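Report on one structure; see the data block that follows.
Owing to the predicted nature of the structure, the values given are computational and were not obtained by experimental measurement. Whatever order the structure lists them in is the order used to number ligands and atoms, beginning at 1. Position 1 is the first residue of the sequence, and the numbers go up from there. Heavy atoms only: backbone and side chains are in, while hydrogens, waters and symmetry mates are out.
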Amino acid sequence: MERFLQGCRAAVQESRPLHVVLGNEACDLDSMVSALTLAFYLENTSESKAAFVPVLNIPRSELALRGDSVFLLSELNIPESSLIFRDEIDLHALHQTGQLSLTLVDHHILPSSDTALEKAVTEVLDHRPLEQQHPPPCRVTAELVGSCATLVAERILQGKPEILDWQTAALLHGTIILDCVNMAPEAGKVTPKDSKYVAQLEAHFPDLPSRSNIFESLQKAKFDVSGLTTEQMLRKDLKTISGDGTMLAISAIYMDLEIFLQRSNLMAELDIFCQAQGYDALVAMTINFNPHNEPVRHLVVFCPSMDLQSMICEALECSRCPPLNLTPAPSHHPNLRAYFQGNALASRKKVLPILRDALWGHPGAMKTPSGTPGPEGCSQEQMDDELGKAINTLIPEMCRDDEEPVLPPTPMNSLVDECPLDRGLPKLSAEAIFEKCSQITIARSSTSPPQKKK
Ligand SMILES: Nc1ncnc2c1ncn2[C@@H]1O[C@H](COP(=O)(O)OP(=O)(O)OP(=O)(O)OP(=O)(O)O)[C@@H](O)[C@H]1O
Ligand SMILES: [Mn+2]
Ligand SMILES: [Mn+2]
């Protein structure tokens with residue numbers, strides 16, 4: 001791996017075509033390792049003339065905020081100097097000169113600042129539900145496994161296992177174990193495929209570190225936020241979404257809500273952060289652990305605009321897919337709303353699509369009849385919309401959009417994703433059901449073969 005990385009630096013200096021493997025903008029361990037190891041595999045197996053280069057999607061100065069990544073690189077003697085960061089390569093300029101092709105790993109939707117790179121995307125490898133199509137010839141691998149690194153491990157072990165060296169195997173092994181919370185089913189991350197490839201990596205390299213050792217070390221490094229400023233904590237694990245001219249940041253905060261809210265000058269810090277980055281709102285998702293080592297989650301919505309704040313809070317409170325089970329927590333400032341999140345399995349992967357739908361004005365974000373948000377007071381449109389989702393799960397042709405091929409249903413990760421029907425059909429109006437059934441009849445009659453003339 002190390003020799004490969006030295007070669008990447010040289011390749012970027014030449015004017016060769018570059019195939020960049022790019023992780024997501026939060027650049028967590030999964031994104032970094034998936035980019036490094038997939039680029040390494042492609043470089044060693046592809047016939048293309050392009051040089052395959054992993055790029056970490058953050059400025060070099062921000063690596064220090066990712067204690068788990070810093071720890072693993074140093075443990076494996078991979079010098080940080082051998083890595084290439086987003087502020088060290090001009091992807092847009094390379095794209096303009098036609099030199100760039102892109103593989104996205106651990107995400108499949110480019111942030112608004114990168115939408116111009118869309119045409120350069122030739123492959124996607126991700127482990128969250130597809131929210132955007134990448135039509136052929138783009139190669140798409142999307143599976144709800146615990147870690148994107150599992151999909152890379154599968155690609156290498158099925159494609160050319162002999163290229164795996166100990167460093168590369170250890171990068172993959174540690175990342176999958178961290179993402180899957182040491183393969184603990186109760187954490188709701190691990191899938192059979194994650195377990196399969198961790199075992200295969202261990203079979204190829206029996207001297208890999210023990211799972212508990214590597215998990216404890218990475219978890220500790222990830223959660224060590226000592227000495228970070230509020231701004232650094234917000235930037236440490238951040239994603240952004242934009243829609244309809246609104247920009248929203250979602251930060252994972254690795255500390256208890258109470259302690260976070262007691263940080264000095266917090267409101268001013270949040271305001272400065274949002275203004276400096278051009279965010280209209282910030283959603284902070286805190287996570288910490290109770291004495292039984294179970295995750296405790298809170299949600300904070302910081303938004304100076306009362307309309308936008310209400311819309312965001314309503315979308316989160318009314319979400320049914322999945323329900324977040326939010327209970328308002330005391331808040332000491334009108335710009336800030338806080339909640340205890342009862343659904344401890346709903347991580348950002350689940351919350352971000354709810355917010356994206358809300359920003360794009362998805363019917364699910366409609367006002368409740370009373371105009372005030374409340375988990376029990378979801379609007380009629382909201383519930384009809386849920387029926388649509390539920391029926392479309394049952395009768396896929398209902399969601400068929402003629403020009404869009406019906407994709408095979410994304411495998412449900414039974415531990416994390418609940419089928420919308422698990423809790424039975426939402427309570428609905430008779431006319432909504434009638435309406436939906438007549439749509440099904442119409443859809444079926446328009447696609448069934450014409451009756452033979454008698
Ligand atoms: N049950 C758990 N026990 C111990 N540690 C846990 C448990 N659940 C999560 N973690 C640790 O907290 C980090 C953050 O986990 P998360 O909030 O569930 O989210 P994620 O990082 O796994 O995935 P996201 O939903 O945030 O998707 P991305 O946007 O990051 O792609 C975990 O890393 C784990 O250490
Ligand atoms: Mn991931
Ligand atoms: Mn995360």
Side-chain angles (χ1 to χ4, degrees), residues 22-35 37-38 57-58 65-69 71-72 104-109 111 124-129 131 141-153 172 174-191 194 211-212 214-225 235-241 249-257 283-299 322 324 341 343-356 413 415-417:
L22 188 67
N24 69 45
E25 59 181 332
C27 195
D28 61 0
L29 185 67
D30 196 19
S31 266
M32 178 183 83
V33 168
S34 297
T37 54
L38 184 63
N57 210 348
I58 51 168
L65 301 180
R66 291 146 175 91
D68 46 350
S69 298
F71 170 82
L72 195 55
L104 304 183
V105 289
D106 201 23
H107 68 305
H108 63 275
I109 300 178
V124 162
L125 205 77
D126 197 7
H127 66 125
R128 71 205 71 225
E131 288 181 77
T141 309
E143 251 186 87
L144 292 186
V145 291
S147 179
C148 186
T150 296
L151 300 178
V152 179
L172 292 165
T175 303
I176 299 169
I177 288 168
L178 176 69
D179 274 350
C180 296
V181 192
N182 201 9
M183 319 314 276
E186 62 278 11
K189 308 281 188 185
V190 66
T191 69
D194 300 296
R211 294 183 186 183
S212 313
I214 195 65
F215 174 70
E216 298 308 333
S217 313
L218 288 171
Q219 181 87 333
K220 184 164 163 270
K222 178 166 191 164
F223 278 79
D224 177 8
V225 291
R235 287 209 324 265
K236 168 180 166 68
D237 191 345
L238 178 140
K239 287 194 173 175
T240 59
I241 47 173
I250 307 143
S251 288
I253 299 290
Y254 296 110
M255 79 169 30
D256 172 53
L257 174 76
V283 175
M285 299 182 66
T286 72
I287 182 169
N288 65 297
F289 303 95
N290 67 19
H292 308 293
N293 223 2
E294 293 151 343
V296 177
R297 292 184 191 269
H298 289 87
L299 256 177
L324 301 177
Q341 179 182 314
N343 178 350
L345 288 183
S347 63
R348 181 169 53 196
K349 275 192 195 66
K350 301 278 170 275
V351 171
L352 196 142
I354 299 167
L355 294 168
R356 184 178 279 125
N413 176 343
L415 284 168
V416 181
D417 301 298

_Sub-4.5 Å side-chain heavy-atom contact between Asp256 and Phe289_ = no
*Do me a favour and list the nearest non-hydrogen protein atom to atom 14 (C) of ligand 1 with residue, atom name and distance?*
Tyr254 CE2, 3.9 Å
*So do Lys236 and Tyr254 actually touch side chain to side chain, heavy atoms under 4.5 Å?*
yes
*Give me the protein N, O or S atoms that fall under 2.8 Å of the Mn ion (ligand 2), sorted by chain and residue number.*
Asp30 OD2, Asp106 OD1, His127 NE2
*Which pair of non-hydrogen atoms, one from Ala149 and one from Ser34, has the smallest distance, and what is that distance?*
N-OG, 3.4 Å
_Heavy-atom nearest neighbour in the protein, as seen from atom 23 (O) of ligand 1, with distance rounded to 0.1 Å_ = Lys349 NZ, 3.1 Å
*Would you check if Ile250 and Thr240 make a side-chain contact, meaning some heavy-atom pair closer than 4.5 Å?*
no
*Considering the heavy atoms of Asp28, write down every atom of ligand 1 situated less than 4.0 Å from one of them.*
30 (O)
*Does the pair Met183 and Ile176 meet the rule for a side chain to side chain contact (heavy atoms under 4.5 Å, CB included), with working shown?*
CA-CA 8 Å; Met183 319 314 276; Ile176 299 169; 4.2 Å; yes
*Give the atoms of ligand 1, by number and element, whose distance to some non-hydrogen atom of Lys239 is under 4.0 Å.*
28 (P), 29 (O), 31 (O)
*With a 4.0 Å heavy-atom cut-off (strictly under), which part of Gln219 contacts ligand 1: side chain, backbone, both or neither?*
side chain
*Of all heavy-atom pairs between Ala284 and Ile253, which one has the smallest distance, and what is that distance?*
CB-CG1, 3.9 Å
*Considering the heavy atoms of Ile287, write down every atom of ligand 1 situated less than 4.0 Å from one of them.*
9 (C), 12 (O)
_Nearest heavy atoms of Cys27 and Ile58, plus distance in Å_ = CB-CG2, 3.6 Å
*Numbered atoms of ligand 1 (with element) below 4.0 Å of Arg297, judged on heavy atoms*: 16 (P), 17 (O), 18 (O)
_Return the closest protein heavy atom for atom 26 (O) of ligand 1 as residue, atom name and distance._
Arg348 CB, 3.6 Å
*asked:* Keeping Gln341 on the side-chain end and Asn343 on the backbone end, is there a donor-acceptor pair under 3.5 Å?
replied: yes
_I'd like to know whether Asn24 forms a side-chain hydrogen bond (donor to acceptor under 3.5 Å, both in side chains) with Ser31, so could you lay out the CA-CA distance, the side-chain angles of the two residues, the decisive distance to 0.1 Å, and finally the verdict._
CA-CA 6 Å; Asn24 69 45; Ser31 266; 3.0 Å; yes
*asked:* Heavy-atom contact check, 4.0 Å cutoff: does Arg128 meet ligand 1?
replied: yes
*Identify the closest protein heavy atom to atom 12 (O) of ligand 1: which residue and atom is it, and at what distance?*
Phe223 CZ, 3.4 Å
*Would Pro295 count as a contact of ligand 1 if the rule is a heavy atom under 4.0 Å away?*
yes
*Can you find a non-hydrogen atom of Val181 under 4.0 Å from ligand 1?*
yes
_Closest approach of Asn290 to Glu294 (non-hydrogen atoms, all atoms of both residues)_ = ND2-OE1, 2.6 Å
_Between Asp194 and Lys189, does any side-chain N to carboxylate O distance fall below 4.0 Å?_
no
_Closest approach of Leu238 to Ala249 (non-hydrogen atoms, all atoms of both residues)_ = CD1-CB, 4.1 Å
_So, 4.0 Å and heavy atoms of Lys189: is ligand 1 close enough to count as a contact?_
yes
*For the pair His107 and Asn57, evaluate side-chain hydrogen bond (donor to acceptor under 3.5 Å, both in side chains) and give the outcome as yes or no after the intermediate values.*
CA-CA 11 Å; His107 68 305; Asn57 210 348; 4.7 Å; no
*Among protein heavy atoms, which sits nearest to atom 21 (O) of ligand 1, and what does the distance come to when rounded to 0.1 Å?*
Lys222 NZ, 4.2 Å
*For atom 10 (N) of ligand 1, what's the nearest protein heavy atom and its distance?*
Phe289 CZ, 3.9 Å
*What is the closest protein heavy atom to atom 25 (O) of ligand 1, and at what distance does it sit?*
Ser347 OG, 2.5 Å
*Cut-off 3.5 Å, side chains only: do Asp179 and His127 have a donor facing an acceptor?*
no
